[in-house]
Student: 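Supplied in structure tokens, the structure appears directly below.
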Amino acid sequence: MPEQHASPRPPRPLRILRATAAAQTAVLLAQAVAAGLLLASVPVGRTVHSGMAGAVLLAVVLHLLTAAAAWRGGAVAGNTVLHGLPMLLLTFVQAALGFAHVRELHVPLGVLMFGASVMTLMRVRTRPRPRPRPETQAQAQAQAQAQNEGATA
């Protein structure tokens with residue numbers, strides 16, 4: 001008989017949120033590599049870096065949407081969504097600085113975004129499920145009491 005694990009498999013919205021956080025971090029890392037190509041004057045560097053900007057925006061928006069869906073489903077706390085909003089704002093600021101060719105701010109902000117994405121990934125990988133909402137707790141207690149009464153009868 002297979003051995004049961006101590007912790008059950010995380011709910012699907014949380015697994016999807018973890019995947020989008022990993023994808024966001026991977027895209028930001030690829031963007032940093034593309035920036036290195038650009039700064040090293042590799043001919044294709046500018047094209048790759050510009051193209052990756054769209055992928056970064058897509059990854060950030062996708063992560064924010066999955067965070068909202070996971071929060072609505074009760075898989076994560078609401079502050080997970082609030083942590084995604086600054087990343088979206090930073091993405092737009094980063095794009096504006098890149099178009100304006102302000103490397104002095106564009107490069108450090110990219111490093112900050114990658115670090116924030118790694119922190120987000122670690123946060124969603126290690127955070128336990130939030131406590132149930134009060135109305136859900138009352139329902140859970142009523143169900144537990146009904147099960148206990150059924151077991152003693």
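Computed from a predicted structure; not experimentally measured.
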Student: What pairs of residues pass the ring pair (Phe, Tyr, Trp, His ring centres under 6.0 Å) test when at least one of them lies in residues 14-35, not counting sequence neighbours?
Tutor: none

Student: Show me the pairs that pass ring pair (Phe, Tyr, Trp, His ring centres under 6.0 Å) and involve residues 38-59, at least two apart or across chains.
Tutor: His49-His106

Student: Measure the shortest side-chain to side-chain distance between Val61 and Leu65 over non-hydrogen atoms and say whether it is less than 4.5 angstrom.
Tutor: yes

Student: Any heavy-atom pair between the side chains of Val93 and Leu97 that's under 4.5 Å?
Tutor: yes

Student: Would you give the length of the straight line joining atom CZ of Arg18 to atom OG1 of Thr120, rounded to the nearest 0.5 angstrom?
Tutor: 13.5 Å

Student: Please answer: with hydrophobic residues joined when any side-chain heavy atoms are less than 4.5 Å apart, are Met87 and Leu82 in the same cluster?
Tutor: yes

Student: Not counting sequence neighbours, which residues clear side chain to side chain contact (heavy atoms under 4.5 Å, CB included) with Leu90? List them please.
Tutor: Leu109, Leu112, Met113

Student: Taking distance alone, no hydrogens or angles, what donor-acceptor pairs closer than 3.5 Å link side-chain atoms of residues 51-59 to residues at least two apart or in another chain?
Tutor:
none

Student: Can you find a heavy atom in the side chain of Val124 that is under 4.5 Å from one in the side chain of Thr80?
Tutor: yes

Student: Return a table of donor-acceptor pairs under 3.5 angstrom between the side chains of residues 33-46 and protein atoms on other chains or two or more places apart.
Tutor:
none

Student: Should Phe114 and Leu88 be counted in the same cluster of Ile, Leu, Val, Met, Phe, Trp and Tyr side chains packed under 4.5 Å apart?
Tutor: yes

Student: Name the atoms and distances for all side-chain donor-acceptor pairs under 3.5 Å in residues 19-30, with sequence neighbours left out.
Tutor:
| unit_1 | atom_1 | unit_2 | atom_2 | d |
| --- | --- | --- | --- | --- |
| Thr20 | OG1 | Ile16 | O | 3.4 |
| Thr20 | OG1 | Leu17 | O | 2.9 |
| Thr20 | OG1 | His63 | ND1 | 3.2 |
| Thr20 | OG1 | Thr66 | OG1 | 2.9 |
| Gln24 | NE2 | Ser117 | OG | 3.1 |
| Thr25 | OG1 | Ala21 | O | 2.9 |
| Thr25 | OG1 | Ser117 | O | 3.3 |
| Thr25 | OG1 | Ser117 | OG | 2.7 |

Student: Would you kindly confirm whether Leu62 and Val81 end up in one hydrophobic cluster when ILVMFWY residues are joined by side chain heavy atoms under 4.5 Å apart?
Tutor: no

